[in-house]
Structure formats: structure tokens, C-alpha cells
Amino acid sequence: MDKKNKIIIANWKMELGFKESLALALEMKNMFSGFSKGGVVICPDFISLSEVGKELTGSIIKLGAQDVFWEEKGAYTGEVSSSELEEVGCEYVIIGHSERRGYLKEDYSLINKELKNLLKESKLIPILCIGEKKESRESGKVEEVLSEQLRQALEGVSIKDDSQIIVAYEPLWAIGSGLVIKPEDMNEVNKIIVQSLSNIFNNKIAENNFLRIYGGSVNSGNVKDFAQIEGLDGLLVGGASLNSDEFYKMADKILI
Ligand code: PEP
């Protein structure tokens, strides 16, 4: 991961079947051939990772997973390890997405275990999701919520010189809702994240080892507003990443 380059990450969630994932990956591979800006990552579901990984050989598009377990092997029914993800070509992995926090009750102590294991056992770049609920924003608790989520997620995590973590700020009220954060509020959140990371580690680590990206209802129509936000290193995109034209337009506008 290059600090100078911005990144755009597609989260396909459970929106596509296996064949549909392969077809969309191929479409994107073709569309992005000749594209040379920034980082482009797609995160299909677990079932599709291996074949999509093969499809992406020779493409600038990188592969990411949507989740990972905190142990490498053992009696953990239904789970997938970081070494398996690397085996099929993943370079990135989303952890603690709000849908998992909501539907599967994942909390930040569990996310902390995933993060520690990832940094210790793999070269995968974690995409750590944080974000407040609507009520917290309305009651002025954004700073409290985000700094606490980061504190719990990063507690006891040791950062090496070459460790890279992407913090994805995804306010719950913006995901899939059509509502996006205002640029001035995003600036505020950026400051909160940098300050929290500096408190947990130090200024140097906050600056060198972390990228900060936004996710929540971004599409080709509103992406230009995000391209101008200083200190924002990219985007995590759900719905609008399921259409190759749309995703290409967004990548073209946000990446430099
Ligand atoms: C997401 O769920 O990570 C996301 C950003 O979704 P959407 O773009 O659909 O709001």
C-alpha cells in the first residue's frame, strides 16, 4: 500500500452469486486494463474469492475478503483463516463491517483479536470499519463513539514499521441509505481519527501506518465531493460497486 496513492475498495457483500461475481470481475478486469491510478480492490464473498483471484491475474485490481477469523487453524466451524485468504491471492480484508456488527453481534473485542492475528500472521492489509449510529451523531457523540471504537479495536496491537491499516469510516446512517456525510463533517471525523490514533500510538504511526477512507452511499454522482476532501485516502463502496461502469467512473474521479 502506497501512502501517496488513494484507494477505492468494492464491497460486494452477499449481493452476487458465484457466476455473477466471476462475470463482474471479468468485466472490471477488462474495463480497468490500461488504468494506472491508485489502488483498486474488489471484495467478493468467500465462495468466489479463489476463482475471482485467478481471473484477476495480470490485472491492476487487487483481491480482498469481507471477513476473517482470528485463528489460523482448528475447530472453528464456518470460519476462514488469513493464511487461506492469502493462498487464494487476497491482499486486503475488511474487518468489523457494520453489517457484521449488527447482524452477527461482532464487537470490537472480537475485531481486536482479528486485527492482532492479521498483523502477526499475515501480510493482509486490514480494512477496519468504524462508524456511529444516527442517534450518536444527533446527540453530539461522534467523537466519543469513534475514539472508543478505535481504542478497543487497536488495544495491544503492535505496529511494525511496515504495518498498514486502513480505517474505513462508515457511519451507519449512510450505508445503503442514499445519505452521505457532508465534507465539513468528514473533515471533523478525519481529525478525530488522527487524534485518536495519535493518542493510542503516536503522531508518527498515525501518519505513516494508517490510511483513512470513507464509505456510505457514494456513487458516480457524488464522488467528486469526496475527491476534494483533504486527508481522505479513498473510499469503500457497496451498492455502486456492483456496476462496472459506475465503479470505473468513481475510481477515475477519486484516484490520482
Ligand atoms: C458498505 O456497506 O461498506 C457501503 C459503503 O455500502 P453503500 O456504498 O451501499 O452505502
Side-chain angles (χ1 to χ4, degrees), residues 6-16 20-21 24 28 38-46 48-49 52 61-68 90 92-106 108 111 114-115 124-134 136-137 142 145-146 149-150 153 165-183 185-186 189-190 193 211-227 229 232-255:
K6 290 194 183 183
I7 190 163
I8 186 162
I9 302 166
N11 175 12
W12 289 353
K13 313 191 184 193
M14 202 182 72
E15 296 283 11
L16 303 172
E20 288 171 324
S21 299
L24 185 57
M28 289 198 180
V40 183
V41 181
I42 58 178
C43 303
D45 63 4
F46 281 142
S48 312
L49 278 175
V52 168
I61 303 177
K62 311 267 191 232
L63 190 66
Q66 298 177 16
D67 190 44
V68 66
C90 286
Y92 294 82
V93 58
I94 299 172
I95 55 170
H97 190 279
S98 64
E99 283 147 15
R100 297 193 64 84
R101 304 203 306 273
Y103 296 122
L104 295 157
K105 305 285 169 259
E106 285 192 1
Y108 281 95
I111 296 162
E114 294 175 347
L115 194 51
L124 291 166
I125 297 177
I127 303 158
L128 165 64
C129 298
I130 59 168
E132 81 286 354
K133 294 185 180 150
K134 187 164 169 263
S136 305
R137 178 157 286 273
V142 176
V145 171
L146 300 184
Q149 289 175 336
L150 285 170
I165 299 175
I166 300 174
V167 175
Y169 168 62
E170 298 209 303
L172 272 67
W173 48 268
I175 294 182
S177 65
L179 299 171
V180 287
I181 191 144
K182 294 191 204 115
D185 291 339
M186 188 64 233
V189 166
N190 261 336
I193 296 173
L211 290 188
R212 296 177 305 273
I213 67 174
Y214 168 80
S217 296
V218 187
N219 55 44
S220 64
N222 58 28
V223 66
K224 60 179 182 325
D225 301 337
F226 293 93
I229 296 177
L232 187 67
D233 299 307
L235 297 171
L236 179 54
V237 186
S241 73
L242 297 168
N243 177 302
S244 54
D245 278 329
E246 179 79 357
F247 189 59
Y248 185 89
K249 281 187 202 149
M250 297 172 73
D252 197 32
K253 287 200 185 119
I254 196 84
L255 302 176

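Both ligands and their constituent atoms are indexed starting at 1 by order of listing.
- Looking at atom 1 (C) of ligand 1, its nearest protein heavy atom turns out to be H97 NE2, 3.3 Å.
- Some N or O of G238 is nearer than 3.5 Å to an N or O of ligand 1, by distance alone.
- Nearest to atom 2 (O) of ligand 1 among the protein's heavy atoms is K13 NZ, 2.5 Å.
- Considering only non-hydrogen protein atoms, atom 5 (C) of ligand 1 sits nearest to E170 OE2, 3.1 Å.
- Judged by distance alone, with hydrogens and angles left aside, the side-chain atoms of N222 form a donor-acceptor pair with the main-chain N or O of S217 at under 3.5 Å.
- The side chain of N11, and not its backbone, has at least one atom closer than 4.0 Å to an atom of ligand 1 (non-hydrogen atoms only; side chain from C-beta on).
- Judged purely by atom type and a 3.5 angstrom limit, Q66 uses its side chain to pair as donor or acceptor with the backbone of K13.
- In this structure, CZ on R101 lies 8.5 Å from CD on E170, to the nearest 0.5 angstrom.
- Heavy-atom minimum distance, Y108 versus I130: OH-CA, 3.4 Å.
- Note: an N/O pair closer than 3.5 Å links G239 and ligand 1 by distance alone.
- Inter-residue side-chain proximity for S98 and I175 is flagged as met; some heavy-atom pair is nearer than 4.5 Å.
- Here the CZ atom belonging to F247 is positioned 9.5 Å from the CG atom belonging to L24, to the nearest 0.5 angstrom.
- At a 3.5 angstrom cut-off on N or O pairs, G216 does not count as close to ligand 1.
- Residue-ligand proximity, S217 to ligand 1, at heavy-atom distances under 4.0 Å covers atoms 7 (P), 8 (O), 10 (O).
- Polar contact check, S177 against ligand 1: no nitrogen or oxygen pair lies under 3.5 Å apart.
- Side-chain atoms of E132 do not come within 3.5 Å of backbone N or O of L146 as any donor-acceptor pair.
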